[in-house]
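What follows is a short report on a single structure.
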Amino acid sequence: MNAPEKPPADAEPHVMKTYGRLPMALSHGRGCWLWDTDGKKYLDGLGGIAVNTLGHAHPKLVPALQEQIGRIIHTSNYYAAPLQEKLAAKLCELSGLSKAFFCSTGLEANEGALKIARKFGHDKGIARPEIVVYEKAFHGRSIATLSATGNPKVQAGFGPLVEGFVRVPLNDVQAIEEVAISNPNVVAVFLEVIQGEGGINSATIDYLRAVRRICDERDWLLMLDEVQCGIGRTGKWFAHQWAGIAPDVMPLAKGLGSGVPVGAVVCGPKAADVLGPGNHGTTFGGNPLAMRAGIETLRIMEEEQLLDNAASVGAALRDGLLRELDGVDGFVEVRGQGLMLGIALARPCGELLGRAAAAGLMISVTADSVIRLVPPLILSHAEAQQIVDILCPLIKDFLASKP
Ligand SMILES: *Cc1c(COP(=O)(O)O)cnc(C)c1O
């Protein structure tokens, strides 16, 4: 037996220990590939957690951002913002919605949505508005968004939580019907079309349509958190479009700027004019660099038909995983859609993160036992097959070993 290893020296003594980090530092990337500072190469199955839509160092994005940085990065929201109008118009065209507010992160987009819901309630005379939220939901780590989140680990230590949330299980129409009947203070329903951090759990098409109907009947806002599942990841611009419905409020972030921090709250007519001057704002929101990143990301996605790519490569990746894993003891299922896939195992598998990295593949593990794949949307069929080839033997090995 080996002598117990000394704990490694802390390489980042001045960085707060809020993350459990693997030891490798990534130095650069190209397409779906990353290199660490020792020169080791990795296939990127994580995309910076569904952020690097166009992969790394995209040859069309890089010069556009360089040009923008050389021109102007930031101006404040005191002045007219033509690039905000341009990106807002594009998001409205793609979603069928009518107005957008820009911020920098997912939680901030969700804070905006929560404020819209509360003000929508106050405007119609509801003094203590409540919002329907979901078990296993994840909406961010600010005090309000962690209160909306349905994960006790995210909330632990940060009470008192923000009030005004009613929690229901996903895909249970009766549960939300009961809330509708019993709670006159509800003003909105807030859900992820596909729960990301909660383990890649999809709202069914029937459920989304039922919730849309209930929101219409009750004059509630339907607020769909597409921070992770939006921006082409499922093979449509927004995951709710598979159900043929439209939300009233749609927070976006992660993939919208291909790595530049960009968040947005896109609203339909029922919600677009709820906030007025002085109601909301954020210093960095909608700055020219962020807007240029969003505009170019969407433009390049269209040019390179990345929605079709996400759908077809995602389907091939799912098939490849199933071919290898079907019938393996301890494998549960592959969930999700397009290039947002979860491989559910029967037991916690966090250690696979490090094992996959050692084998040259970046992945993540959510909800303890679900391997999450959210690669760049430029992933090729050959690269999808490489993910299968690297990952499946690791999974089989892991499941064959004693827990
Ligand atoms: C990541 C995520 C958030 C939070 O986004 P941040 O940019 O980390 O604040 C919110 N909602 C969903 C669905 C997410 O996946």
Side-chain angles (χ1 to χ4, degrees), residues 16 18-20 46-53 101-117 131-151 153-155 158 162 165 167 170 188-203 208 222-234 237-240 247 249-266 282-287 290 293-294 297 335-342 363-367 370 372-375 377:
M16 275 194 212
T18 61
Y19 306 100
L46 178 63
I49 320 182
V51 166
N52 297 303
T53 306
F101 170 87
F102 291 107
C103 51
S104 309
T105 68
L107 82 79
E108 222 189 335
N110 286 334
E111 284 278 346
L114 297 173
K115 283 181 71 175
I116 289 169
I131 298 166
V132 176
V133 293
Y134 286 78
E135 291 170 7
K136 298 186 189 169
F138 181 83
H139 298 297
R141 291 171 178 274
S142 68
I143 296 292
T145 58
L146 74 81
S147 300
T149 288
N151 179 347
K153 278 192 206 160
V154 172
Q155 297 174 335
F158 299 106
V162 171
F165 295 110
R167 200 170 299 283
L170 186 63
V189 180
F190 187 33
L191 78 155
E192 301 156 82
V193 180
I194 303 176
Q195 292 180 333
E197 306 306 304
I200 315 294
N201 309 307
S202 301
L208 289 169
L222 176 56
M223 311 205 297
L224 297 180
D225 179 348
E226 294 237 15
V227 167
Q228 188 162 159
C229 59
I231 314 294
R233 184 151 292 282
T234 65
W237 283 107
F238 307 106
H240 68 262
V249 180
M250 176 172 64
L252 299 171
K254 289 201 166 88
L256 180 53
S258 269
V260 176
V262 191
V265 194
V266 190
T282 177
T283 301
F284 290 117
N287 89 18
T297 296
R335 301 199 280 255
Q337 193 164 9
L339 287 174
M340 181 170 183
L341 295 176
I363 58 166
S364 82
V365 172
T366 70
V370 182
R372 170 174 49 179
L373 295 171
V374 281
L377 303 190

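Both counts, for ligands and for their atoms, begin at 1 and track the order of listing. All values below were derived from every heavy atom in this structure, side-chain atoms included, with hydrogens, water molecules and symmetry-related copies excluded.
- At distances below 3.5 Å, not a single donor-acceptor pair connects side-chain atoms of Thr234 with backbone N or O atoms of Gly338.
- The presence of a protein heavy atom under 4.0 Å from atom 8 (O) of ligand 1 is ruled out.
- Using a distance-only test at 3.5 Å, with no hydrogens or angles considered, a donor-acceptor pair links the side chain of Arg167 to the main chain of Tyr134.
- For atom 5 (O) of ligand 1, the closest non-hydrogen atom on the protein side is Gly106 CA, 3.2 Å.
- The proximity of His139 to ligand 1, defined as any non-hydrogen pair under 4.0 Å, is limited to the backbone.
- Only the side chain of Val227 comes within 4.0 Å of ligand 1, judged by heavy-atom distances.
- Counting atoms of ligand 1 from 1 in the listed order, those under 4.0 Å from a heavy atom of Glu192 are 13 (C).
- Counting heavy atoms under 4.0 Å from ligand 1, residue Asn110 touches it through the side chain alone.
- Neither the backbone nor the side chain of Glu108 has a heavy atom within less than 4.0 Å of ligand 1.
- Within the listing of ligand 1, atoms 4 (C), 5 (O), 6 (P), 9 (O) sit less than 4.0 angstrom from a heavy atom of Leu107.
- Proximity of a side-chain donor or acceptor of Glu226 to a complementary backbone N or O of Ile231 within less than 3.5 Å is not detected.
- Between Gln228 and ligand 1, an N or O atom pair is found at a separation short of 3.5 Å.
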- Might you work through the side chain to side chain contact (heavy atoms under 4.5 Å, CB included) test for Val193 and Phe238, ending with a clear yes or no? CA-CA 9 Å; Val193 180; Phe238 307 106; over 6 Å; no
